[in-house]
2 protein chains.
Amino acid sequence: MAASHPHAVDALLEGLGRELDRASPLPLYYQIKELLRERIERGELRPHERLPSENELERALGVSRMTARRALAELETEGYVYREQGRGTFVAEPKLRQSLLRLTSFTEDMRARGLRPGARVLDVRVMRDERVAARMGLEPEEAFVRVRRVRLADGQPLALETAYVRAALCPGLEAEDLTDRSLYQTLRERYKLQLGRAEQTLEAGAATEFEAQVLRIPVGQPVLLIERLTFLGDGRTPIEFVRSVYRGDRYKFVVELRR
Amino acid sequence: MAASHPHAVDALLEGLGRELDRASPLPLYYQIKELLRERIERGELRPHERLPSENELERALGVSRMTARRALAELETEGYVYREQGRGTFVAEPKLRQSLLRLTSFTEDMRARGLRPGARVLDVRVMRDERVAARMGLEPEEAFVRVRRVRLADGQPLALETAYVRAALCPGLEAEDLTDRSLYQTLRERYKLQLGRAEQTLEAGAATEFEAQVLRIPVGQPVLLIERLTFLGDGRTPIEFVRSVYRGDRYKFVVELRR
DNA sequence: TAGTGGTCTAGACCACACT
DNA sequence: GTGTGGTCTAGACCACTAA
């Protein structure tokens, strides 16, 4: 009984016991995992607070140790908790969870960095592009809305962004004003398009004359080239291909890798 | 007995049985997983080829089903195999494996790309570095083993890699020959250090004189700078800080973003 | 019907941390 | 010493797939 709040775990276990549904088709380990995850995300369990041990879950919920163990082990691989042999299972820092690879828009990315996002539209047109279509696994005749914008951070040019969005999935997008607006937010709110996953590549390059002019840097300066192929919620339908050119001196890409 | 090559699985099981070491301190499930993973990465098991079933592993290796199961289940979460109820366990497409965001060594990264990894050691020393220590959240007096290597892909220089490993956690590392050897594998197998997660940043830069000479490119050419802070399995104990400089014309970083 | 993976139980021994 | 997580065993029943 080493916890600072002796009754905290007991109260938690009681709640879990009430919510666990043995008649449900959902596996027991999954139900336990989800119940714990909800409490962590709602902040009812604070970072570094101890979760029930395998033994406590076993007794309180009437499940075997392997079932309790699986719930805790999956929470660990998903980054919600960390486990220490001989000590227990504890809620992980939210920072670590957030920095997991999430599909974010430029707007969200800048806000997370404490910068004011912006966008200046250079060009919007409906067009075809065989290479982009091939990259997305589509027919060469596929029509795209191409949106070319300068992305700003606190008013300063940070990136040149060229997005190719499938015209068939968002009719009329070319008429939208995308100045200082998130494209992803527009797709979500106006066209009800839920984004799922994206395949992204990053490489180093040197600024071309056009890029240098737009980004206000000398020709040949290092730039970070980022290409992203985004899919809808089903994980298979491509929706957009984006090529972005970031100033190398002002932008750093951050990822969190696991296992 | 539905396999197209009825004896393929039998031969595989025989090999596994010989390599499994019950006296090893490494867990059985881990050994089985690694042996299968090696065969997949070496291409001995082709995509969509069936792996031994849990039952077959159980009988051939003399382990319990849960142990065999855990090896296969972890291969699944790591993207190496897919499992279908009632059918079996099969080797996944390499493309899907690569795009998953995993904490991989240079060695694993190159193998996944179908290239032969290598390493030429430039310098190994035990030293202090206040800035690196601060970056890792350690006392300024902390001692590191600094390993500076040229990383090769198919024999060609691809990156300059400088790793700072905490000397206290791997005594004698400076005496190891890390030529053409994975540092992570050495940490895992010789020092029993399990890596957990890593925080990584990527940015674009221009090659310095030294980097250009080592990578055999002109000074000022674009390079991809990757810094990685790696933690042990507990997710909180820092173990190494690595700064890598990749040739911009030959290396592309791939990530898969979700949600 | 036989084989597969998915879930679950009820034990066991171990290394490790705390006190 | 007690409690924790890490590994492992030897069973069980189920849903699903394929012959």
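Keep in mind that this is a model prediction, so the values were computed, not measured. Labels below follow one simple rule: chain letters A, B, ... track the order of the sequence lines, proteins then strands, and each chain is numbered from 1.
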Closer than 3.5 angstrom, by distance alone: can the side chain of [X] be matched with the main-chain N or O of [Y] as a donor-acceptor pair?
| X | Y | value |
| --- | --- | --- |
| B:Arg166 | B:Pro238 | yes |
| A:Glu56 | A:Ser53 | yes |
| B:Asp123 | B:Arg148 | no |

Rounded off to whole Å, could you give me the [atom1]-to-[atom2] distance for the [X] and [N] pair?
| X | N | atom1 | atom2 | result |
| --- | --- | --- | --- | --- |
| A:Arg83 | C:dC16 | CZ | P | 17 Å |
| A:Leu26 | C:dG6 | CG | C1' | 14 Å |
| A:Glu58 | C:dA12 | CD | C1' | 13 Å |
| A:Arg70 | D:dT7 | CZ | P | 15 Å |
| A:Arg50 | C:dC18 | CZ | C1' | 13 Å |
| A:Leu72 | D:dG5 | CG | P | 7 Å |
| A:Ile32 | C:dC8 | CD1 | C1' | 11 Å |
| A:Arg59 | D:dG3 | CZ | C1' | 10 Å |

Are any of [X]'s side-chain N or O atoms less than 4.0 Å away from OP1 or OP2 of [N]?
| X | N | answer |
| --- | --- | --- |
| A:Tyr29 | C:dC8 | no |
| B:Thr89 | C:dT4 | no |
| B:Arg69 | C:dG6 | yes |

Notebook entry, point to check: Are B:Glu108 and B:Arg111 within salt-bridge range, i.e. N to O under 4.0 Å?
Noted result: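 Not counted as a salt bridge, because no side-chain N and carboxylate O are separated by less than 4.0 Å.
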
Item checked: Polar contact flag, side-chain donor to acceptor under 3.5 angstrom, B:Thr230-B:Glu240 ->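 B:Thr230 vs B:Glu240: donor-acceptor pair found between side chains.
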
Margin query: Taking salt bridge (charged side-chain N to carboxylate O under 4.0 Å, His left out) as the definition, give me every residue that meets it alongside B:Arg128, ordered by chain and number, with sequence neighbours left out.
Written below: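 Salt bridge (charged side-chain N to carboxylate O under 4.0 Å, His left out) list for B:Arg128, sorted by chain: empty.
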
Check nucleotides 14-16 of chain D against the protein and report each pair of N or O atoms closer than 3.5 Å, with its distance, or say if there are none.
from   : atom 1 : to      : atom 2 : distance (Å)
D:dC16 : O4'    : B:Gln85 : OE1    : 3.1

Margin query: For Watson-Crick and G-U wobble pairs within 3.5 Å on both distances, what is DNA chain C written in dot-bracket notation, | included for inter-strand pairing?
Written below: ||||||||||||||||||.

Note to self: Which residues pass the side chain to side chain contact (heavy atoms under 4.5 Å, CB included) test with A:Glu227, not counting sequence neighbours?
What the structure shows: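 Scan of A:Glu227 (side chain to side chain contact (heavy atoms under 4.5 Å, CB included), adjacent residues dropped) gives A:Arg135, A:Thr201, A:Phe241, A:Arg243, B:Lys252.
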
Next item on the list: Could I get the full list of side chain to side chain contact (heavy atoms under 4.5 Å, CB included) partners for B:Arg22, not counting sequence neighbours?
Entry: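 Once residues adjacent in sequence are excluded, the partners of B:Arg22 under the side chain to side chain contact (heavy atoms under 4.5 Å, CB included) criterion are B:Leu28, B:Val63.
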
Item checked: Strand-adjacent residues in residues 61-68 of chain B, judged by heavy atoms under 4.0 Å from DNA chain C ->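 Within residues 61-68 of chain B, the residues near DNA chain C are B:Arg65, B:Met66.
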
Note to self: Is the shortest side-chain heavy-atom distance between B:Leu26 and B:Glu34 below 4.5 Å?
What the structure shows: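 No - every pair of side-chain heavy atoms lies 4.5 Å or more apart.
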
Next item on the list: Answer yes or no for B:Arg50 and B:Phe90: cation-pi contact, defined as NZ/CZ to six-membered ring centre under 6.0 Å and angle to ring axis within 45°.
Entry: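 Not satisfied by the 6.0 Å and 45° rule.
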
Margin query: So for atom CZ, which belongs to B:Arg46, do other residues, nucleotides or ligands contribute more than 12 heavy atoms lying within a distance under 6.0 Å?
Written below: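 Atom CZ in B:Arg46 is not crowded, with 12 or fewer foreign heavy atoms closer than 6.0 Å.
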
